[in-house]
Amino acid sequence: MGNIFENIGGGVIGTGRRIIDVLALFVDVLYWIFVGPFKGKAAKREGIFEQMLFVGVKSILIVFFVGLFTGIVIAMQTAPQLDSLGAVIYVAGLVAVSITRELGPVLTGLVIAGRVGAAFAAELGTMKVTEQVEALEGMALNPVRFLVVPRFLALIIMLPCLTIFADAVGIFGGYLIGVFNLNINSALYIDTTFRFLTAKDVVTGVIKSVVFGGIIALIGCYYGLNTRGGAEGVGKATTTSIVSSFILIILADCVLTAVFFFSDM
Amino acid sequence: MGEVIIDIRNVYKKFGDRQILSGVDLQVYKGETLVIMGGSGCGKSTLLRHMTGAIKPDTGSVYMRGQDMGELNEDGLDALRKKFGMLFQSAALFDSLNVRDNVCMPLREHTKLDESIMKIMVKMKLELVGLRGFENLMPAQLSGGMKKRVGLARAIAMDPEIIFYDEPTTGLDPIVASVIDKLILDLSNKLSITSIVVTHDMNSVFRIADRIAMLHEGRILQVGTKDEIRNTDNPLVKQFINGESEGPINFFMDSEGYLEELTK
């Protein structure tokens, strides 16, 4: 019996410590972004671009497919319901709003957490266990400035871009079903989409994606830099980072949606 | 003896429940090659990491040029770190960069030299370790010995005053090992660099050392010149340098407990 409480207590303490550590890493990252440049120690621009390329450009294809299929699925799932009300045209608005507000940012975030966050954890984890991180420190190069900041910046810049792209593709997916399967007039579909879609929908989605980007980068880098125990440790860091990112993304989505909901955005 | 460059005073360090260092006192003099030897897991690498500032002692202090490293902030520590180079056990080359960029890394980050000058400097450093012409290879394409030599080229890229070597010859064939030893000797003789070498490779110890410190169970057993160590009276040191399995250092657990554990 005592064991159960010990385990639960240990788990809670461990989680609490990790949360504090991640927040400390976040503060460190902010320091290097905002204070570092004034001390002549800015993150390298090439490093940031390299990461942006990896995070953004090379993720376009999977984000394209995820967005497209999500749009198609929502249109197909909702069409029969709306049809029974004689309101099949509202598929356009439903697809547009649900994609931009919710599914675009969240699904893009999850896909990128799986692709990019995991890669960060694995790469930094390998660097950690092969003494490369210590080598950086030994050369008087701060690992946070050198490894985490470029990845963090790349994600909070590129994830919103990918999200807007996913939004557009998702709406296009809905359009394909609406026009070719539900036989809605093309001009009418587009018109209805923009009648329901407001800038607020897109903006709240983009705000979410900035937060998700930060979460993915911090979690991936945190688990990477705290890897212990060789190849096994790298594997563990990678999986833990994905699971943690997923949970935190969903949690942050819930919190942000509530904030937008109650502040009437 | 010259000026003391690193002064370790009564350092204790614990990892979890394991006491790694228990009261280490050691002085390193400018320009000498000091070898720290001892069995695996006796705390050699931990001691080395205290000197580079990667680990801070639980109690006691490490002074580098009279400055207490435990009290320096990140900037102060970085200023010191620019003056020393480190060769890691696994070479610790950056996987994503080729040989040239690996060696170039400290120069690129800490100096404002022109790209063409850096290229020349990299060539010179690689020539020193006998690897000129390998600039464009990636670390994955190199053998273990070559990686260590590139690691050494990187360690000396900034023309450091102190170089730390963590098991520089472990896992290398005898010829490459002696090449590395010769490099260490050359660097300290020609450029009068202070070298601190952690190793348990006896051939290498007697080739390169000016002074030898024997570390055992977190304490310094004896410090002395090559001859003093060779003619030591300390049975532990004697057993270690002769590589004998029988002696005061017990490799096996207590034999009485063994039978009990087997039949439990």
Side-chain angles (χ1 to χ4, degrees), chain A residues 10 14 24-25 27-29 31-32 35-51 53-54 119-120 122-151 154 224-225 227-231 233-234, chain B residues 15-16 45-46 48-49 51-55 72-97 101-112 115 139-140 144 147-148 150-152 154-158 160 162-167:
Chain A
L25 179 65
V27 172
D28 220 8
V29 167
Y31 170 85
W32 286 109
V35 185
F38 294 105
K39 298 172 98 187
K41 288 179 176 176
K44 285 259 154 149
R45 216 174 295 155
E46 302 92 56
I48 300 172
F49 284 139
E50 196 185 311
Q51 292 302 328
L53 188 72
F54 171 68
F120 287 177
E123 192 184 353
L124 268 51
T126 310
M127 289 185 73
K128 171 82 185 183
V129 298
T130 55
E131 298 178 310
Q132 291 175 52
V133 173
E134 211 189 316
L136 272 180
E137 281 175 340
M139 286 179 204
L141 301 172
N142 185 293
V144 172
R145 166 191 159 213
F146 219 79
L147 300 172
V148 184
V149 168
R151 288 171 169 78
L225 289 178
T227 303
R228 270 196 197 91
V234 175
Chain B
F15 285 131
S45 296
T46 309
L48 197 70
R49 279 167 176 70
M51 294 189 226
T52 62
I55 310 180
L72 286 174
N73 60 9
E74 191 75 14
D75 288 339
L77 216 48
D78 279 354
L80 278 184
R81 281 170 174 158
K82 284 179 200 171
K83 294 207 178 78
F84 60 66
M86 168 129 189
L87 174 60
F88 288 86
Q89 202 169 339
S90 60
L93 301 179
F94 301 115
D95 295 325
S96 55
L97 304 176
D101 290 337
N102 259 294
V103 180
C104 224
M105 180 87 137
L107 295 170
R108 205 166 269 158
E109 297 304 323
H110 292 310
T111 66
K112 291 195 164 56
E115 194 68 27
K147 275 188 199 162
K148 284 227 166 134
V150 175
L152 188 51
R154 186 178 67 182
I156 58 175
M158 293 280 286
I162 308 171
I163 306 183
F164 298 97
Y165 301 87
D166 192 358
E167 311 212 350

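Each chain gets a letter, A, B and so on, in the order the sequences are listed, and its residues count up from 1. When reading the values below, keep in mind they use all heavy atoms of this one structure, side chains included, and skip hydrogens, waters and symmetry mates.
In this structure, B:M86 CE and A:E131 CD are separated by 7.0 Å, a value rounded to the nearest 0.5 Å. Between the CG atom in B:D75 and the CG atom in A:N142 there is a gap of 10.0 Å [rounded to 0.5 Å].
In terms of heavy-atom proximity, A:E137 sits nearest to B:R81 at O-CD, 3.1 Å. The two atoms that bring B:R154 and A:A135 nearest to each other are NH2-CB, 3.6 Å, heavy atoms only. Taking each heavy atom of B:D95 and A:Q132 in turn, the nearest pair found is OD2-NE2, 2.9 Å.
Using a 4.5 Å cut-off between heavy atoms, B:S90 touches chain A through backbone and side chain atoms alike. With a threshold of 4.5 angstrom between heavy atoms, B:L80 does not approach chain A through any atom at all. Only the side chain of A:M127 comes within contact range of chain B, with at least one heavy atom under 4.5 Å from a heavy atom of that chain.
The 12-atom threshold is exceeded at CZ of B:F15, counting heavy atoms of other residues, nucleotides or ligands nearer than 6.0 Å.
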Check your understanding: Hey, mind stepping through B:M105 and A:M139 against side-chain contact (heavy atoms from CB on, under 4.5 Å) and telling me if it holds?
Key -> CA-CA 9 Å; B:M105 180 87 137; A:M139 286 179 204; 4.0 Å; yes

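The residue among B:R49, B:Q89, B:K82 with the most heavy atom pairs within less than 4.5 Å of chain A is B:R49.
Residues A:L141 and B:H110 form a side-chain contact, since some pair of their non-hydrogen atoms from C-beta on lies under 4.5 Å apart.
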